[in-house]
Amino acid sequence: MKLASWNVNSLNVRLPQVLEWLDTARPNLLGLQETKLTDECFPVEAIRAAGYEVAYSGQKTYNGVAVLSRSPITDVLTDIPTLDDHQRRVLAVTAAGLRFINLYVPNGQAVGSDKYAYKLDWLAHLRTWLAEELASPQRLVIVGDFNIAPRDQDVHDPQEWREQVLCSTPEREALQHLLDLGLADSFRRFPQKDGIFSWWDYRMNSFRRNRGLRIDLILTSPALTPSLTAGYVDQAPRGWARPSDHAPVVAELSF
DNA sequence: ATGGTCGTGGTACGA
């Protein structure tokens, strides 16, 4: 069982790359973020032709999430139950014997900004929801662009990023508050080299210089964590022509 | 070097 997450920064632009990656990586479930497509424009047929079922929740220009699955999808939810939010950032589905929650956590722009306050409020509502989901033991996985680097080892230059957005203490505490529900960061269940990231700014040759952050995560519930067999970042698509600024992240399980 | 690059949409704005 292979699970993955990829912020594609426009599915319109990145569809050929997504199809290419599906063909080689063959994930069972893939969460996409920043599709930037209304539901009427979603490329359902191209994805079905690749052998995947799909659920999607999008809007014009910004945000937008989708889940691709090699097995049938049921019980689709598009919102955090307690949060009235027009921004399309959440897509929960049931497929392949799992509850699979795909998230595009707000970026937050800058510490202290209105968008930063929205991010922290969003994360608080998310925590309430996930606590309810985890009250009943189940195979639950939460994937997505969390827009938070969990620790300094997930940052190319911790001093440069100290208390900046994506790395600030309140954001990290909000993420830790989620992990404290019993969720595991699948990547850190395995030995990793230093300097493995999932996002690199388009500017200043950041990818070539590996000036990145690891902000794309796959979290597993206690019922699922013992079944993890691998957790990694597939950095290859970040090196392709006209790439997303994020690379796909992957978790593998055996059950 | 105090910027820099993308995507969207048709101009600034979000990331």
Side-chain angles (χ1 to χ4, degrees), chain A residues 5-21 31-43 46-47 56-66 83 85-91 102-123 126 143-150 154-168 170-172 174-175 197-217 233-249:
Chain A
S5 176
W6 194 5
N7 180 323
V8 292
N9 186 20
S10 168
L11 186 57
N12 245 347
V13 173
R14 234 64 69 187
L15 179 61
Q17 297 188 18
V18 171
L19 295 174
E20 171 69 21
W21 194 74
L32 301 178
Q33 304 89 34
E34 282 204 272
T35 55
K36 299 187 175 181
L37 287 171
T38 59
D39 292 348
E40 306 79 59
C41 297
F42 197 89
I47 288 167
Y56 42 92
S57 178
Q59 67 185 87
K60 188 177 170 182
T61 309
Y62 302 116
N63 309 313
V65 283
L83 194 62
D85 188 0
H86 74 279
Q87 300 190 33
R88 302 292 82 201
R89 299 180 174 278
V90 172
L91 193 56
N102 179 32
L103 303 176
Y104 176 44
V105 175
N107 172 283
Q109 193 176 55
V111 173
S113 68
D114 289 349
K115 292 188 176 68
Y116 183 79
Y118 163 68
K119 179 180 195 173
L120 293 180
D121 183 61
W122 195 96
L123 288 164
L126 173 67
V143 313
D145 176 0
F146 281 73
N147 269 315
I148 301 170
D154 302 305
V155 179
H156 68 88
D157 186 341
Q159 281 308 316
E160 180 180 327
W161 283 86
R162 199 174 80 85
E163 295 303 332
Q164 300 300 304
V165 74
L166 313 185
C167 298
S168 73
E171 292 167 89
R172 286 179 168 171
L175 177 60
F197 309 121
S198 66
W199 169 81
W200 302 259
D201 197 293
Y202 282 123
R203 295 167 286 191
M204 300 293 289
N205 290 311
S206 294
F207 181 60
R208 183 179 58 75
R209 300 159 67 195
N210 197 31
R211 292 172 54 84
L213 306 179
R214 190 176 68 91
I215 58 178
D216 300 273
L217 309 176
V233 182
D234 183 357
Q235 297 196 350
R238 186 61 179 81
W240 293 351
R242 207 179 179 190
S244 168
D245 46 352
H246 295 251
V249 298

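Computed over heavy atoms, backbone and side chain alike; hydrogens, waters and symmetry mates excluded.
The distance between atom CG of A/Asn205 and atom P of B/dG4, rounded to the nearest whole Å, is 14 Å. Here the C1' atom of nucleotide B/dG14 and the CD atom of A/Gln59 are 12 Å apart, to the nearest Å. The distance from atom CZ of A/Phe207 to atom P of B/dA15 is 23 Å, rounded to the nearest whole Å.
Aromatic ring orientation, A/Trp200 versus A/Phe207: perpendicular (interplanar angle above 60°, classes split at 30° and 60°).
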Residue pair A/Leu103, A/Arg89: steps toward the side-chain contact (heavy atoms from CB on, under 4.5 Å) verdict: CA-CA 6 Å; A/Leu103 303 176; A/Arg89 299 180 174 278; over 6 Å; no
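Comparing B/dA15, B/dT5, B/dG14 against the side chain of A/Tyr202 picks out B/dT5 as the nearest.
With rounding to the nearest 0.5 Å, the separation of CD1 in A/Ile148 from CD in A/Glu171 is 5.5 Å.
Close to B/dG7, at under 4.0 Å from its OP1 or OP2, lies a side-chain N or O of A/Arg242. Regarding contacts with the backbone of B/dT8, every side-chain N or O of A/Lys60 stays at 4.0 angstrom or more from both OP1 and OP2. Checking the phosphate oxygens (OP1, OP2) of B/dG14, no side-chain nitrogen or oxygen of A/Thr61 falls inside 4.0 Å. Residue A/Arg203 places none of its side-chain N or O atoms closer than 4.0 Å to OP1 or OP2 of B/dA15.
When side chains are defined from C-beta on, A/Trp199 counts as touching A/Asp245, because their heavy atoms get closer than 4.5 Å.
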